[in-house]
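Data block below; observations after.
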2 protein chains.
Amino acid sequence: MTTIRELAQLCGVSLATVSRVFNKPDSVSPKTRERVERMARELDYRPNESARTLATGRSTMVGLVWDTDHRRSGWRHPFLQDLLIGLKSALSAHGYHLLMLATGEAAHHRQVGASLADPVGYVDTVRRHDLAGVVLIDSGSDAEAFALFAQSGLPCVAIDVAVDGPRATYVTSANAEGAGQAVRHLLGLGHRRIATIAGPARTRPGADRLAGYRAALAEAGVPVREDYVAEGDFYRASGHSAMRKLLALPEPPTAVFAAGDEMAVGALLAARQAGCRVPDDVALVGFDDIEVAALVEPALTTVAQDKSGFGRAAAAAVMAMVEGGKAAPTPAPVELATTLVVRDSCGAAAPR
Amino acid sequence: MTTIRELAQLCGVSLATVSRVFNKPDSVSPKTRERVERMARELDYRPNESARTLATGRSTMVGLVWDTDHRRSGWRHPFLQDLLIGLKSALSAHGYHLLMLATGEAAHHRQVGASLADPVGYVDTVRRHDLAGVVLIDSGSDAEAFALFAQSGLPCVAIDVAVDGPRATYVTSANAEGAGQAVRHLLGLGHRRIATIAGPARTRPGADRLAGYRAALAEAGVPVREDYVAEGDFYRASGHSAMRKLLALPEPPTAVFAAGDEMAVGALLAARQAGCRVPDDVALVGFDDIEVAALVEPALTTVAQDKSGFGRAAAAAVMAMVEGGKAAPTPAPVELATTLVVRDSCGAAAPR
DNA sequence: CTGAAAGCGCTTACAG
DNA sequence: CTGAAAGCGCTTACAG
């Protein structure tokens, strides 16, 4: 492994000059710059990142907080893969890498003294590694840890959860508007008895999609019936039981907006089991556009999120803060546009 | 941020002693050890990782090579999320983190001089960061890069692709055996005209599953008909067109083993379009057990892979090499057992 | 069991 | 435009 010292000697310049060639090329005379560059290429020289980080106090890594231990088993992020792809390639374009933070008791106990304020050890790792920033993916039980980050002053962007802090922001879909698209579509098909299977009210997407549902109905002059509002938890099973209850109502809905595709799939199964045909007896619209949405029978009409857009937007936001320095303004929260994807479960093909 | 120097001063000991408390606790007298530990906790001291890495020449990070740029668009790893969960938590247990390597032209050109031998810049990053080891996820076009790693002497474990090198190993499913399970199941249901939609022969899983198919037929005394062997590329579309061809044969098969669930789903769609009922007219068995397998109509009978087992096994293998040092033997390739999951597409419920 | 010292490979004011 | 020097925060033989 060539070091900067060797390279400097072979070029007949000082370490400082070599360092400048790579970090402030304009401050070096073209002649020496070229000489150093050529020699560097010849020796296949690569500056050591640990040394750079140690000297500058900041690494070229962004942390990804995604709890894999405390999470409810069987849970899967609806589009983690797309998110990762968007995130990783956008960071790559800036020369940054993504560090998936080890979490959970095991990891933490291997380290020096656990901190009470940081039970899972996230912040710990960030400090040890001098990370440039951090991207937070909610797993439902990280509220305190996320608040810690947001307050820490480190560039920090969360996915689908509102965080507040000096250099903290977040990205979500335009959830209320997306829910509105779904509901207006059902209204346009002639439905008036439209129920919803909402996500948990404490989550941002859950609350906003429900608000969008209410707003769209109100706007159309359709009163919201509280017996038409069922709350699920985004998991399939909750969609199933919510649908069962809705269909058992004295006056069942003719259409259902499920605030998540997993719940919509559960609802579909429940309808099938209840001998209720979709979309003929009850129309169904979901939210997310996960892969299975197109494959279930009937194919699910749903509000598509801009999946890789999450990753790209998150990367753009961290990078803006990282490269802008402390003086740069914190980017405003990002709202990604959604798209209604009409398939078969809403009955648009054969409106009543 | 407390440094080791401050901690040492406050404890009235040397830097060396503090360092030993954390790295070789037994070499320190219990009395001073406790004093240092208590003070460390009080000050919330955390050793800086960059400094450690610089001093020791080895980081506590394992690289994950997963190309997101060169990959065919729309491609998704069948179970990346499970793999990551298994990998991450197993590494965490050893106190290691997972670094997703930035790849692609953009990232690389931001760095000092690109190398001809390492066009995508993987090895580059590994060197710069003194990574402890690396896990390789094939994206179909990384053969040269993988070979580079395997030869480099760095602890290296690949997923589903055989690599060869001094400290290189890999983990796959027992693909031949798994294919055998599928075929024997179909034989047991009375089928004799069993076709296969194989994966690409140049991939390990593709080749092995095909071999398993052949072996199982041979063992049962059923001759292999070459017109019953269609090759796909693991994508859905290829399963679709392969199935079309098989069904158009003068003597079409009564059962098909698709070497991947995506292809099986494509085959299912093709059968439906051809007016061919599954499983009544043709039985179908897949491989992988991806999420949609249970959701298509009819639900897909398939050979399930041990998804998170891949991550765990990969982590175990790197860790064995990393913690064992250069002297430790390179772990043998791992073969994960598969499980036949019987659903509706094979017709086991109503054997002919 | 403990300390003084050298070293890991960089960056960055400070002079010139 | 360039160099000498200090410093980043650790680890690890080497003595004692």
Side-chain angles (χ1 to χ4, degrees), chain A residues 1-37 40 43-61 95 111-112 124-132 325, chain B residues 1-37 40 43-61 95 111-112 124-132 325:
Chain A
M1 294 288 291
T2 325
T3 68
I4 196 174
R5 158 163 283 114
E6 294 166 16
L7 183 54
Q9 272 169 346
L10 285 169
C11 293
V13 296
S14 70
L15 303 188
T17 298
V18 174
S19 178
R20 282 188 203 103
V21 167
F22 299 128
N23 296 302
K24 266 193 169 190
D26 295 335
S27 72
V28 180
S29 83
K31 228 178 127 181
T32 52
R33 193 199 316 152
E34 275 158 31
R35 179 148 40 100
V36 172
E37 281 171 345
L43 299 181
D44 202 27
Y45 166 73
R46 306 299 155 109
N48 179 288
E49 278 297 327
S50 305
R52 298 195 75 206
T53 300
L54 182 57
T56 62
R58 220 191 51 204
S59 79
T60 54
M61 301 187 291
Q111 323 268 26
V112 179
D124 184 30
T125 307
V126 172
R127 271 174 50 189
R128 287 172 192 261
H129 288 271
D130 296 316
L131 297 187
Chain B
M1 295 287 292
T2 326
T3 68
I4 197 175
R5 160 163 281 114
E6 294 165 16
L7 183 54
Q9 273 169 346
L10 285 169
C11 294
V13 296
S14 70
L15 303 189
T17 299
V18 174
S19 179
R20 281 187 205 105
V21 168
F22 299 128
N23 297 301
K24 267 193 169 189
D26 295 335
S27 72
V28 180
S29 82
K31 226 176 130 182
T32 53
R33 191 197 320 150
E34 275 159 30
R35 182 149 39 101
V36 172
E37 280 171 345
L43 299 182
D44 202 25
Y45 166 74
R46 307 299 156 109
N48 178 288
E49 277 297 328
S50 305
R52 298 195 75 205
T53 300
L54 182 58
T56 61
R58 219 191 51 202
S59 79
T60 53
M61 300 188 293
Q111 323 266 27
V112 179
D124 183 30
T125 306
V126 172
R127 271 174 49 187
R128 287 172 193 261
H129 288 271
D130 297 315
L131 297 186

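Residue numbers start from 1 in every chain, and the chains themselves are labelled A, B, ... in the order their sequence lines are given, proteins ahead of strands.
For the pair A:Gly57 and A:Asp130, the tightest heavy-atom approach, listed with the atom from each and the gap, is O-CB, 3.7 Å. Closest non-hydrogen pair, B:Thr53 versus B:Ser59, comes out as OG1-CA, 3.5 Å.
For B:Thr53 and C:dC8, the shortest distance from a side-chain N or O to OP1 or OP2 is not below 4.0 Å. The phosphate of D:dT11 (OP1 or OP2) has a side-chain N or O of B:Asn23 nearer than 4.0 angstrom. The side chain of A:Ser19 contributes an N or O atom lying less than 4.0 Å from OP1 or OP2 of C:dT11. For B:Ser29, no side-chain nitrogen or oxygen approaches OP1 or OP2 of C:dC1 to under 4.0 Å.
Toward the 5' end of DNA chain C, the nearer of the two residues B:Pro30 and A:Arg52, judged by each one's closest nucleotide, is B:Pro30. Residue whose closest nucleotide on DNA chain C sits further toward the 5' end, between B:Arg20 and B:Leu54: B:Arg20.
Counting non-hydrogen atoms under 4.0 angstrom, B:Asp130 reaches nothing in the nucleic acid. Residue contacts for A:Thr3: at a heavy-atom cut-off of 4.0 Å it reaches the sugar-phosphate backbone alone, with no base atom in range.
Side-chain atoms of B:Thr17 lie closest to C:dT2 of the nucleotides D:dC8, C:dT2, D:dC10.
A:Arg35 places a side-chain N or O within donor-acceptor distance of the main-chain N or O of A:Cys11, the cut-off being under 3.5 Å.
By the 4.0 Å N-to-carboxylate-O rule, A:Asp26 lies too far from A:Arg20 to be salt-bridged with it.
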